[in-house]
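Structure, as structure tokens:
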2 protein chains.
Amino acid sequence: MSGTNTGVPSVLAHDLPRPVPPDELAACPVGDVFRRVGDKWSMLLVILLGTRPHRYNELHRAVEGISQRMLTRTLRGLEADGLVWREVHPTVPPGVEYGLTPLGRSLLEPLSALADWAVRHEAELNKVRRTAPNRSG
Amino acid sequence: MSGTNTGVPSVLAHDLPRPVPPDELAACPVGDVFRRVGDKWSMLLVILLGTRPHRYNELHRAVEGISQRMLTRTLRGLEADGLVWREVHPTVPPGVEYGLTPLGRSLLEPLSALADWAVRHEAELNKVRRTAPNRSG
DNA sequence: CAGGATCCGAGCGGATACTG
DNA sequence: CAGTATCCGCTCGGATCCTG
């Protein structure tokens, strides 16, 4: 997709003749978006909600490792970004459903590319991790 | 790319007949990879290094906003993951170059998809942000 | 030039207890 | 069931000073 020009100034000209404008890169919204969906749980929830709408506790069980606090916070954040919708059914006991908005579903595609990369190179990453001396400063 | 099966169990079966195994999702390495390259600067550096190798201060100026500490730490992390190589030229004053490994360059592709999405939907995200009442708990 | 060392505030994120 | 409220440790990440 690096070859398809959409009219928007592409941030990734690595295989294009253009020698890249660094200012354009530094000011690009890539960082912002990553700060929003790049946290510990957001993309996991987006991926999970991408399969079908889920109830609150359904998500809680599915991710299993996330705390109630973080699940709520993350869902609220995704909702505020317009990536996730929230529907309350006024029943007893109450039922709340979460799902992806069209915007969220559009995010699912590039996210899937990254997820696929992660799965494919998982072993490779872990191997290098152990090999390299971890002298973190 | 959601339709292409690579032999690896796909985490994203949202448009596939398979109703998704949630255990597989929770245990998938997507979260791990995001924890590694999903921080504030990693993907920005990967994108920047994807254009051509850079010197240390060159990166420092290009990103401009990153501190020395974080630049070094992030580069070390990417190096430990095998995404970035580091080459020291024993000159005076010393010159250190950073660049993408083949693994890092392979990451550039899915990253570009996400970056493109970010650029395309930047306005949309910001609009929703202001519209929605921010009741974060 | 390319970092290392140290200090520090801010926020993430988990645990627990409580509620409509 | 679907949250809210509070406490708390931990890490992220910036600022500053120092070095080979």
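All chains are named by letter (A, B, ...) in the order of the sequence lines, taking the proteins before the strands, and each is independently numbered beginning at 1.
Straight-line distance from the NE2 atom of H54(B) to the P atom of dA2(C): 12 Å, rounded to whole Å. One can place CG of N57(B) at 9 Å from C1' of dG3(C), the figure rounded to the nearest angstrom. Across the protein-nucleic acid pair, L59(A) atom CG and dC1(D) atom C1' stand 13 Å apart, rounded to whole Å. Rounded to a whole Å, the CG atom of L75(A) is 16 Å from the P atom of dC1(D). Across the protein-nucleic acid pair, L44(B) atom CG and dC12(D) atom C1' stand 16 Å apart, rounded to whole Å. The nearest whole Å value for the distance from the NE2 atom in H89(A) to the C1' atom in dG20(C) is 18 Å. Rounded to an integer number of Å, the gap from CG of L71(B) to P of dC1(C) is 14 Å.
A close approach under 4.0 Å does occur between a side-chain nitrogen or oxygen of R76(A) and OP1 or OP2 of dT4(D). When the side-chain nitrogen and oxygen atoms of Y98(B) are compared with OP1 and OP2 of dC1(C), none of them lie within a distance under 4.0 Å. Phosphate contact (OP1/OP2 of dT4(D), side-chain N/O of Y56(A), threshold under 4.0 Å): absent.
Where the helix from dC1(C)-dG20(D) to dG20(C)-dC1(D) starts and where it ends, the local axes point in directions that differ by 50°; five pairs per end, rounded to 10°.
Residues L45(B) and V84(B) form no side-chain contact, since every pair of their non-hydrogen atoms from C-beta on lies 4.5 Å or further apart. Contact of the Q68(B) side chain with the L71(B) side chain is not registered, since no non-hydrogen atoms from C-beta on lie closer than 4.5 Å. Contact check for P53(B) versus Y98(B): no side-chain heavy atoms found under the 4.5 Å cut-off. Side-chain contact between M43(B) and V37(B) is absent, with no heavy atoms from C-beta onward closer than 4.5 Å. Looking at L78(A) and S42(A), their side chains come closer than 4.5 Å, going by heavy atoms from C-beta outward. Considering only heavy atoms from C-beta on, W117(A) comes within 4.5 Å of L103(B) through its side chain.
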Using a cutoff of under 3.5 Å, can you pull out all pairs of nitrogen or oxygen atoms linking the protein to nucleotides 11-18 of chain C, with atom names and distances?
residue	atom	partner	partner atom	Å
dG13(C)	OP1	K40(A)	N	3.4
dG13(C)	N7	R69(A)	NE	3.3
dG13(C)	N7	R69(A)	NH2	3.0
dG14(C)	OP1	K40(A)	NZ	3.1
dG14(C)	OP2	S67(A)	OG	3.4
dG14(C)	O6	R69(A)	NE	3.2

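Formation of a donor-acceptor pair under 3.5 Å by the T101(A) side chain with backbone atoms of W85(A) is not found in this model.
Salt-bridge annotation for R52(B) and E58(B): present, with a side-chain N of the basic residue lying under 4.0 Å from a carboxylate O of the acidic one.
In this structure, the side chain to side chain contact (heavy atoms under 4.5 Å, CB included) partners of V88(B), at least two apart in sequence or on a different chain, are R86(B), V96(B).
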